[in-house]
*Asks:* 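Structure incoming, see below.
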Amino acid sequence: MAESKRTKIKALLTGEQVDVNVRVKGWVRTKRGNKNVSFIALNDGSCLANLQIVADPNNISEDILKRITTGACISAEGQLVASQGAGQKVELNAETIEVLGEADPETYPLQPKRHSLEFLREIAHLRPRSNTFGAIMRVRHAMIFAVHKFFHDKGFVNVHTPIITGSDAEGAGEMFRVTTMDLANPPKDEEGNIDFKQDFFGKETNLTVSGQLEAELGAMALGEVYTFGPTFRAENSNTTRHLAEFWMIEPEVAFADLEDNMDLAEEFLKFLAKYALDNCREDLEFLKERALQEEKNLPADKKNELNLIERLEFVANNDFQRLTYTEAIDILKNSKPNKKGRFQYKIEEWGADLQSEHERFLVEKHFKKPVILTDYPAKIKAFYMRLNEDEKTVAAMDILFPGIGEIVGGSQREERYEVLVEKVKAMGIPEEHVWWYLDTRKFGTAPHAGFGLGFERLILFVTGMTNIRDVIPFPRTPGTAEF
RNA sequence: UCCCGAGUAGCUCAGUUGGUUAGAGCAUCUGACUGUUAAUCAGAGGGUCGUUGGUUCGAGCCCAACCUCGGGAGCCA
């Protein structure tokens with residue numbers, strides 16, 4: 001007789017059917033019971049909840065039962081019935097169980113107990129089997145899908161910008177060199193310098209730090225495009241919100257100004273929050289409870305005023321606070337912490353770069369909502385941002401979220417050839433490196449705008465996690481590239 | 001990279017002014033229990049106290065360097 005097909009646990013727990021014969025396959029979370037009956041909590045990753053499997057020693061041999069331990073993988077077949085116990089609606093009365101893969105309980109590191117996130121990071125190959133990471137990974141997937149859905153429904157074209165780049169003008173940070181040269185004995189030119197002409201691409205190449213410049217090329221033909229790809233920064237950043245390898249979403253829109261750009265970014269973030277609420281309820285409820293548990297021991301002023309679900313609802317339903325850099329400086333200058341010297345960096349005058357303590361004050365204390373800051377001083381922003389009429393500020397915008405800081409950074413782009421060339425020169429960027437970028441301003445230029453959203457920072461917000469290393473399967477940080 | 005903190009059993013932690021044989025809970029193993037919900041109850045096994053060096057009659061504890069991890073800052077998304 002052919003083996004019956006596997007049914008996913010999610011379908012069994014959400015469906016109405018009982019008293020049917022089904023087969024499930026998954027990983028054992030716990031087994032408990034006595035001589036007369038065993039209860040196996042089985043998880044197959046399709047949802048957070050486990051399916052309870054009831055194993056009667058009359059049907060399942062002692063030898064099989066002995067091999068069913070925490071972490072083992074089994075296939076079980078039997079009758080799905082209404083549960084006699086209180087903890088679940090349905091359970092599976094096992095008629096046959098096959099052990100697909102044993103897990104030695106003496107050495108299997110995951111136990112049916114609470115583990116620290118630090119420990120789970122050390123066993124990143126097994127941590128998706130924990131409730132927390134299962135939930136995070138399902139939410140992460142839902143957000144990946146929602147990003148594509150949002151832009152697709154609006155008629156944006158997804159562009160795959162290069163991962164290996166020969167452009168060193170992106171200016172977004174330190175880069176990882178890509179080479180096939182023998183590091184111990186690299187080819188040299190007559191002057192004794194390393195001769196990149198002999199390298200694989202015939203020039204110096206690096207991993208991309210941004211797809212923006214190439215995305216702009218797309219926007220100047222397709223109108224509305226977005227990228228969603230891996231991004232690499234070789235900065236020696238050791239924080240809870242930086243990774244050396246992360247994923248970034250960069251829409252770029254022709255005929256859009258800063259206002260359109262803010263509208264798009266705000267609509268996008270609201271859509272994502274709502275999508276999570278509508279599609280990840282079970283996982284979000286679990287993550288909410290988890291966060292409340294974590295916060296229990298924190299002092300009152302460090303606790304979130306709203307829980308995870310409430311924060312997502314807040315973002316989905318409330319307009320972001322928009323203000324200019326100049327207005328923000330005024331607020332900060334006259335703020336209590338500034339006057340009382342509580343800021344490490346006192347705000348004295350217009351032109352200063354905002355520190356994270358200032359951003360946090362605006363978002364978490366003053367407005368208590370997401371904030372969009374616009375029109376920063378030109379000299380603290382990138383060369384491609386459009387110069388405003390005051391010739392002091394640029395049409396930039398940063399979206400700041402509570403607990404996370406900058407989640408979006410964007411701008412209207414400088415579309416005027418002469419102004420852009422001037423800025424390229426002023427920043428010391430060799431024109432021959434960006435000739436193709438300048439060409440778009442030479443041939444049929446158009447006003448346009450775009451922004452970048454750090455995907456993992458979004459996932460931090462949506463899951464309520466606080467360390468970025470816990471929202472990506474295999475985090476890359478300085479000194480760590482395990483797995 | 002800078003500042004602060006932490007490394008003790010598989011995990012989470014305690015360990016007094018430096019003093020005999022380093023503890024607990026959970027996990028694991030064995031036994032008990034007729035339906036459990038992180039099952040419960042009884043017992044057992046399990047340690048190079050991050051590494052190296054120093055101070056001392058004596059170091060888990062004091063000192064130094066290094067390693068690893070965490071938090072904060074900078075840089076940024």
Side-chain angles (χ1 to χ4, degrees), chain A residues 29-41 49-58 66 69-71 81 83-88 91 93 103-123 130-131 170-174 209-212 229-250 265 298 302 343-345 353-357 359-360 380-382 398-401 404-410 451-461 466-472 477-480 482:
Chain A
R29 286 295 170 78
T30 61
K31 184 183 74 172
R32 51 183 176 267
N34 53 45
K35 242 190 268 180
N36 304 291
V37 62
S38 287
F39 300 95
I40 301 158
N50 303 321
L51 176 69
Q52 172 152 291
I53 294 174
V54 185
D56 183 333
N58 292 323
K66 240 187 142 151
T69 58
T70 298
V81 297
S83 177
Q84 295 172 35
Q88 55 284 316
E91 62 191 17
N93 278 331
D104 178 5
E106 297 277 2
T107 52
Y108 183 66
L110 275 172
Q111 297 159 15
K113 60 169 276 188
R114 217 181 168 73
H115 287 294
S116 68
L117 294 169
E118 290 86 349
F119 174 67
L120 290 171
R121 252 169 248 155
E122 289 167 16
I123 51 163
S130 65
N131 285 334
E170 289 167 354
E174 290 296 311
V209 293
S210 166
Q212 181 201 314
T231 310
F232 308 88
R233 305 264 170 100
E235 301 286 350
N236 191 6
S237 296
N238 293 286
T239 78
T240 53
R241 41 185 202 289
H242 287 88
L243 291 165
E245 175 183 294
F246 63 101
W247 290 71
M248 190 153 62
I249 297 145
E250 295 174 290
L298 292 177
K302 295 240 170 173
F343 285 142
Q344 200 186 329
Y345 297 89
D353 210 347
L354 298 183
Q355 307 294 319
S356 44
E357 59 179 349
E359 297 180 348
R360 269 212 307 276
I380 61 171
K381 288 289 183 184
D398 284 358
I399 302 187
L400 310 176
F401 263 37
I404 290 157
E406 186 182 340
I407 195 167
V408 162
F451 62 84
L453 173 123
F455 185 63
E456 282 75 18
R457 289 193 181 172
L458 169 78
I459 303 303
L460 279 181
F461 178 72
T466 53
N467 192 318
I468 204 160
R469 293 160 213 165
D470 296 331
V471 296
I472 188 166
T477 51
T480 309
E482 190 66 60

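Letters A, B, ... mirror the listed sequences (proteins, then strands); counts begin at 1. All values derive from a computational prediction rather than experimental measurement.
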*Asks:* Rounded to the nearest 0.5 Å, what's the gap from CG on A:Asp470 to CD1 on A:Ile459? Could you check?
*Replies:* 13.0 Å
*Asks:* Between B:rC76 atom C1' and A:Glu357 atom CD, what is the distance in whole Å?
*Replies:* 17 Å
*Asks:* Rounding to an integer number of Å, can you tell me how far A:Leu110 CG sits from B:rA38 P?
*Replies:* 17 Å
*Asks:* Take atom CD1 of A:Ile468 and atom P of B:rC75, then tell me their distance rounded to the nearest Å.
*Replies:* 17 Å
*Asks:* Could you state the CG-C1' distance from A:Asn236 to B:rG74, rounded to the nearest angstrom?
*Replies:* 11 Å
*Asks:* Between B:rG10 and A:Gln111, counting only base atoms on the nucleotide and side-chain atoms on the residue, is there a donor-acceptor pair under 3.5 Å?
*Replies:* yes
*Asks:* Kindly point out which of B:rG35, B:rA73, B:rC76 is positioned nearest to the side chain of A:Tyr345?
*Replies:* B:rA73
*Asks:* Kindly say whether, by distance alone, the side chain of A:His242 makes a donor-acceptor pair under 3.5 Å with the base of B:rC76?
*Replies:* yes
*Asks:* Classify the side chain of A:Lys35 and the base of B:rC33 as holding, or not holding, a donor-acceptor pair under 3.5 Å.
*Replies:* no
*Asks:* Kindly indicate whether the side chain of A:Glu118 and the base of B:rG7 share any N or O donor-acceptor pair separated by less than 3.5 Å?
*Replies:* no
*Asks:* List the steps and the verdict of side-chain hydrogen bond (donor to acceptor under 3.5 Å, both in side chains) for A:Glu250 and A:Ser210.
*Replies:* CA-CA 8 Å; A:Glu250 295 174 290; A:Ser210 166; 3.0 Å; yes
*Asks:* What distance, rounded to whole Å, do you find between the two C1' atoms, one in B:rC66 and one in B:rC26?
*Replies:* 34 Å
*Asks:* Over how many whole Å does the gap from A:Phe343 atom CZ to B:rG72 atom C1' extend?
*Replies:* 16 Å
*Asks:* Record whether the side chain of A:Ser237 comes under 3.5 Å of the base of B:rC75 through a donor-acceptor pair of N or O atoms.
*Replies:* yes
*Asks:* Test side chain to side chain contact (heavy atoms under 4.5 Å, CB included) on A:Phe246 and A:Arg233; report intermediate values, then the result.
*Replies:* CA-CA 8 Å; A:Phe246 63 101; A:Arg233 305 264 170 100; 3.6 Å; yes
*Asks:* Would you measure the distance from the C1' atom in B:rU8 across to the matching atom in B:rA24 and give it in whole Å?
*Replies:* 13 Å
*Asks:* Between B:rG25 and B:rU1, how far apart are the two C1' atoms, rounded to whole Å?
*Replies:* 40 Å
*Asks:* Determine the contact category for A:Leu458: base if any of its heavy atoms lies under 4.0 Å from a base atom, sugar-phosphate if only primed atoms, P, OP1 or OP2 are that close, otherwise nothing.
*Replies:* nothing
*Asks:* Does A:Gln52 get its side chain close enough to the base of B:rU36, under 3.5 Å, for a donor-acceptor pair?
*Replies:* yes
*Asks:* Using the C1' atom in both, what is the distance from B:rC62 to B:rC76, to the nearest Å?
*Replies:* 42 Å
*Asks:* Name the nucleic acid region contacted by A:Thr466, choosing base, sugar-phosphate or nothing; use a 4.0 angstrom heavy-atom cut-off, strictly under.
*Replies:* nothing
*Asks:* Select base, sugar-phosphate, or nothing to describe what A:Pro112 touches, counting heavy atoms under 4.0 Å on all strands.
*Replies:* base
*Asks:* Looking at A:Gln84 and B:rG35, is any side-chain donor or acceptor paired with a base atom of the opposite kind under 3.5 Å?
*Replies:* yes
*Asks:* Can you tell me how far the CG atom of A:Asn50 sits from the CZ atom of A:Arg29, to the nearest 0.5 Å?
*Replies:* 5.5 Å
*Asks:* In terms of side-chain geometry, is the basic nitrogen of A:Lys381 or A:Asp353 positioned less than 4.0 Å from the acidic oxygen of its partner?
*Replies:* no
*Asks:* Give the nucleotide from the list B:rG70, B:rU36, B:rC75 with an atom nearest to the side chain of A:Arg121.
*Replies:* B:rG70
*Asks:* Pick base, sugar-phosphate or nothing for A:Arg241, based on heavy-atom distances below 4.0 Å to the nucleic acid.
*Replies:* base
*Asks:* Mind checking which stems touch RNA chain B? I mean at least 3 consecutive Watson-Crick or G-U pairs, both distances under 3.5 Å.
*Replies:* B:1-7 with B:67-73, B:10-13 with B:23-26, B:28-32 with B:40-44, B:50-54 with B:62-66
*Asks:* Which residue lies toward the 5' end of RNA chain B, A:Glu91 or A:Ser116, if each is placed at its nearest nucleotide?
*Replies:* A:Ser116
*Asks:* What nucleic acid atoms does A:Thr107 come within less than 4.0 Å of, heavy atoms only: base, sugar-phosphate, or nothing?
*Replies:* nothing
*Asks:* Kindly compute the distance separating CD (A:Glu357) from CD (A:Gln344), expressed to the nearest 0.5 Å.
*Replies:* 6.0 Å
*Asks:* With nearest nucleotide decided by heavy atoms, which residue, A:Lys31 or A:Lys113, maps closer to the 5′ end of RNA chain B?
*Replies:* A:Lys113
*Asks:* Considering only atom P, compute the distance from B:rC67 to B:rA9 and round it to an integer number of Å.
*Replies:* 22 Å
*Asks:* Quick one: A:His115 NE2 to B:rG10 C1', roughly how many Å, whole number?
*Replies:* 9 Å
*Asks:* What's the gap between B:rA27 and B:rA65 when it is taken at their P atoms, as a whole Å value?
*Replies:* 42 Å
*Asks:* Select base, sugar-phosphate, or nothing to describe what A:Ser356 touches, counting heavy atoms under 4.0 Å on all strands.
*Replies:* sugar-phosphate
*Asks:* Taking the P atom in each of B:rG53 and B:rG45, what is the distance between them to the nearest angstrom?
*Replies:* 33 Å
*Asks:* What's A:Ala86 touching, base or sugar-phosphate or nothing? Going by heavy atoms closer than 4.0 Å.
*Replies:* base
*Asks:* Give, for atom CG of A:Leu117 and atom CG of A:Asn467, the distance between the pair rounded to the nearest 0.5 Å.
*Replies:* 8.0 Å
*Asks:* Rounded to whole angstrom units, what separation is found between the CG atom of A:Leu354 and the P atom of B:rG74?
*Replies:* 11 Å
*Asks:* Measuring only the C1' atom in each nucleotide, how far is B:rG19 from B:rC13? A whole number of Å is fine.
*Replies:* 24 Å
*Asks:* Base, sugar-phosphate alone, or nothing: which one does A:Phe39 contact when heavy atoms must sit under 4.0 Å apart?
*Replies:* base
*Asks:* Would you mind reading off the distance between A:Phe246 atom CZ and B:rC76 atom C1', rounded to a whole angstrom?
*Replies:* 8 Å
*Asks:* In terms of side-chain heavy atoms of A:Phe119, which of B:rU12, B:rC29, B:rA73 is nearest?
*Replies:* B:rU12
*Asks:* Is the base of B:rU1 touched by the side chain of A:Asn238 through a donor-acceptor pair closer than 3.5 angstrom?
*Replies:* yes
*Asks:* Using a cut-off of strictly less than 4.0 Å, decide whether A:Asn36 has a side-chain nitrogen or oxygen near OP1 or OP2 of B:rC33.
*Replies:* no
*Asks:* Any donor-acceptor pair, under 3.5 Å, between the side chain of A:Gln88 and the base of B:rU36, if you only look at N and O atoms?
*Replies:* yes
